[in-house]
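Computed from heavy atoms alone, side chains included, the values below leave out hydrogens, waters and symmetry copies. Since we're looking at a predicted model, the values are computed, not measured. A note on names: the letters A, B, ... follow the listed sequences, proteins ahead of strands, and every chain is numbered from 1.
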Amino acid sequence: MRAARALLLRELALALRSGGGAGLGLAFFLIVLLIAPLGIGPELGLLSRVAPGLIWIAALLACLLSLDRLFQADLEDGSLDVLALSPLPMEAVVALKALAHWLTTGLPLVVAAPVLALTLALPGPAYLPMVIGLLIGTPALSFIGAVGAALTVGIRRGGLLLSLLVLPLYIPTLIFGAQAAIRAGRGLDPATPLLLTGAITLFTLALAPFAAAAALRINLR
Amino acid sequence: MPELGKYAFAVLSSYAVTLIGIAVLIAITLWRARKVRRDLARAETMMRRRHE
Amino acid sequence: MSLWELANPTLFMRLSGRMLPVLWVLAAATLATGLIWGFFGTPEEARQGASVKILFIHVPAAMMAINIYAMMFVTSLVWLIRRHHVSALAARAAAPVGATMTVLALLTGAFWGQPIWGAPWDWDPRLTSFFILFLFYLGYIALWAAIEDPDKAADLTSVLALVGSVFALLSRYAVNFWNQGLHQDATLSLDSRTNIDNAFWVPLLICIAGYFLLFLALLLVRTRTEIRARRLRALMLSGVH
């Protein structure tokens with residue numbers, strides 16, 4: 001337990017210190033949601049209809065952006081070998097690193113999303129389902145991303161490949177998460193898509209650490 | 001030639017695309033098979049000569 | 001003889017070498033019979049007219065696209081559990097064939113959709129799922145290509161194939177939730193009332209058999225090539241030292 005806490009604190013400290021890149025995901029999220037209306041046009045009626053989808057796509061891309069460093073820095077400086085020898089099982093290491101990634105990348109997006117939704121004229125009833133959807137959906141993005149990052153950790157310039165591998169895996173989360181906000185905006189009940197978003201996340205939390213740990217062990221061989 | 005009527009374009013393009021796709025797939029497969037087989041044969045004779 | 005003995009590369013090379021000529025002839029004959037029958041020998045359908053002839057190339061391609069991915073799932077699992085090289089290499093050899101079949105299913109569907117639905121593409125669950133399936137094939141092929149060490153590549157791509165299979169299935173249901181589509185339901189089932197007419201059924205079955213035999217022939221050739229490429233690589237590496 002102490003080892004787990006130490007690892008989590010280390011990850012957070014590394015992300016939050018200068019050059020750690022914790023704020024970059026949030027900045028990227030802001031930029032995507034700024035340039036989207038510039039591309040689509042300023043008509044608020046149209047923007048309010050596409051707002052849930054835009055916010056979710058921006059969240060997906062922002063999560064993706066910081067994934068390639070998730071294990072790579074640790075592989076390069078050898079700390080991954082040390083972590084592999086630590087009392088923590090590799091699955092726990094992966095889960096903690098993905099959790100730290102979510103705390104520094106996913107969680108800020110959840111906080112920023114309602115503010116940015118104002119600029120996109122998101123329909124009033126859609127706010128709460130969108131925030132809840134992001135809150136329970138973004139952990140899946142970090143954990144699925146950890147699998148992709150573990151698969152591509154040994155590849156130089158693996159960033160593009162990582163996107164190709166991870167984005168298709170994000171599809172179920174994207175669909176259910178965005179549908180919750182879209183349905184609520186139309187006055188429908190968002191409970192079903194929200195429950196399904198949560199189901200995908202729970203499923204991913206259970207499965208992804210094992211797949212990512214297997215991939216890391218293969219890469220450390 | 002069967003009477004295809006207004007669907008002539010759709011049917012003929014579909015068959016053309018399929019035949020071309022399958023032909024390219026077979027061609028690439030056989031071409032790479034031959035190349036690898038030749039390279040392997042060459043490497044094996046080289047090895048044998050070195051060991052003699 | 002048990003199936004596992006085929007995992008011995010030497011035995012696999014010997015047997016597949018003997019099977020291949022027969023397989024090529026069978027595949028060519030079946031495919032030619034099915035396609036010629038389908039194209040020249042079938043009547044027009046009541047609602048879709050002559051466009052129904054696309055059925056004989058659309059349905060087999062779509063079936064192969066899905067079944068090849070399922071095969072890759074199984075062979076990846078076999079590689080991870082039993083470490084048979086032929087299994088891993090067969091998955092690698094199958095992927096480009098599966099990707100081609102996915103593209104062919106999408107393209108023939110587009111040509112069919114244009115006159116029948118009035119649009120070549122619709123964000124229908126089935127079409128969208130095939131698009132997603134194609135991305136899974138692409139990612140799998142790209143990961144193989146990116147990793148130098150062949151055993152590591154086999155391991156990592158197998159993990160990706162397993163994870164990808166699960167998420168491909170999830171996406172299928174998610175996409176169903178996202179949109180109800182134009183695409184008709186499956187026309188091939190054992191329940192004969194919902195089935196298509198015999199005049200289309202028989203040539204379609206022959207075409208499906210033809211596509212399957214063609215895939216088998218391509219798979220054997222490609223797997224043999226992968227085995228030889230591995231041996232070549234090993235020779236080259238031993239030659240350097």
Side chain to side chain contact (heavy atoms under 4.5 Å, CB included) between B:Val11 and C:Trp112, worked out | CA-CA 7 Å; B:Val11 174; C:Trp112 201 351; over 6 Å; no
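- Most heavy-atom pairs under 4.5 Å with chain B: of the set C:Ile116, C:Ile54, C:Val52, this distinction falls to C:Ile54.
- Put simply, the residue from B:Arg37, B:Arg38, B:Lys35 that forms a side chain to side chain contact (heavy atoms under 4.5 Å, CB included) with C:Arg228 is B:Arg37.
- Residue contact with chain B, scored on non-hydrogen atoms closer than 4.5 Å, involves the backbone and the side chain of C:Val97 alike.
- Taking CE of C:Met236 as the reference point, atom CG of B:Asp39 lies at 6.5 Å (rounded to 0.5 Å).
- Residues meeting the side chain to side chain donor-acceptor pair (under 3.5 Å) test with C:Thr42, sequence neighbours left out: C:Lys53.
- A 6.0 Å sphere centred on CZ of C:Arg233 holds more than 12 heavy atoms belonging to other residues, nucleotides or ligands.
- With a 4.5 Å cut-off on side-chain heavy atoms, C:Phe111 and B:Phe9 count as touching.
- Ranked by heavy-atom pairs shorter than 4.5 Å toward chain C, the options B:Val36, B:Thr29, B:Ile28 are led by B:Thr29.
- Taking OG of B:Ser13 as the start and CD of C:Gln114 as the end, the distance is 10.5 Å to the nearest 0.5 Å.
- Of all residues spanning residues 210-225 of chain C, those with a heavy atom less than 4.5 Å away from chain B's heavy atoms are C:Tyr211, C:Leu214, C:Leu218, C:Val221, C:Arg222, C:Thr225, arranged by number.
- Atom OG1 of residue B:Thr18 and atom CG of residue C:Leu35 lie 8.0 Å apart, to the nearest 0.5 angstrom.
- Heavy-atom minimum distance, C:Leu232 versus B:Ala43: CD1-CB, 3.7 Å.
- For a residue to count as touching a neighbouring chain, one of its non-hydrogen atoms must lie under 4.5 Å from one of that chain's; by this rule C:Thr100 touches chain B with the side chain only.
- The part of B:Leu30 that comes within reach of chain C is its side chain, from C-beta onward, which places non-hydrogen atoms under 4.5 angstrom from that chain.
- Under 4.0 Å is where a charged nitrogen must lie from a carboxylate oxygen, and between C:Glu226 and B:Arg32 at least one such pair does.
- Side chains of B:Val17 and C:Ile57 form no contact here, defined as non-hydrogen atoms less than 4.5 Å apart.
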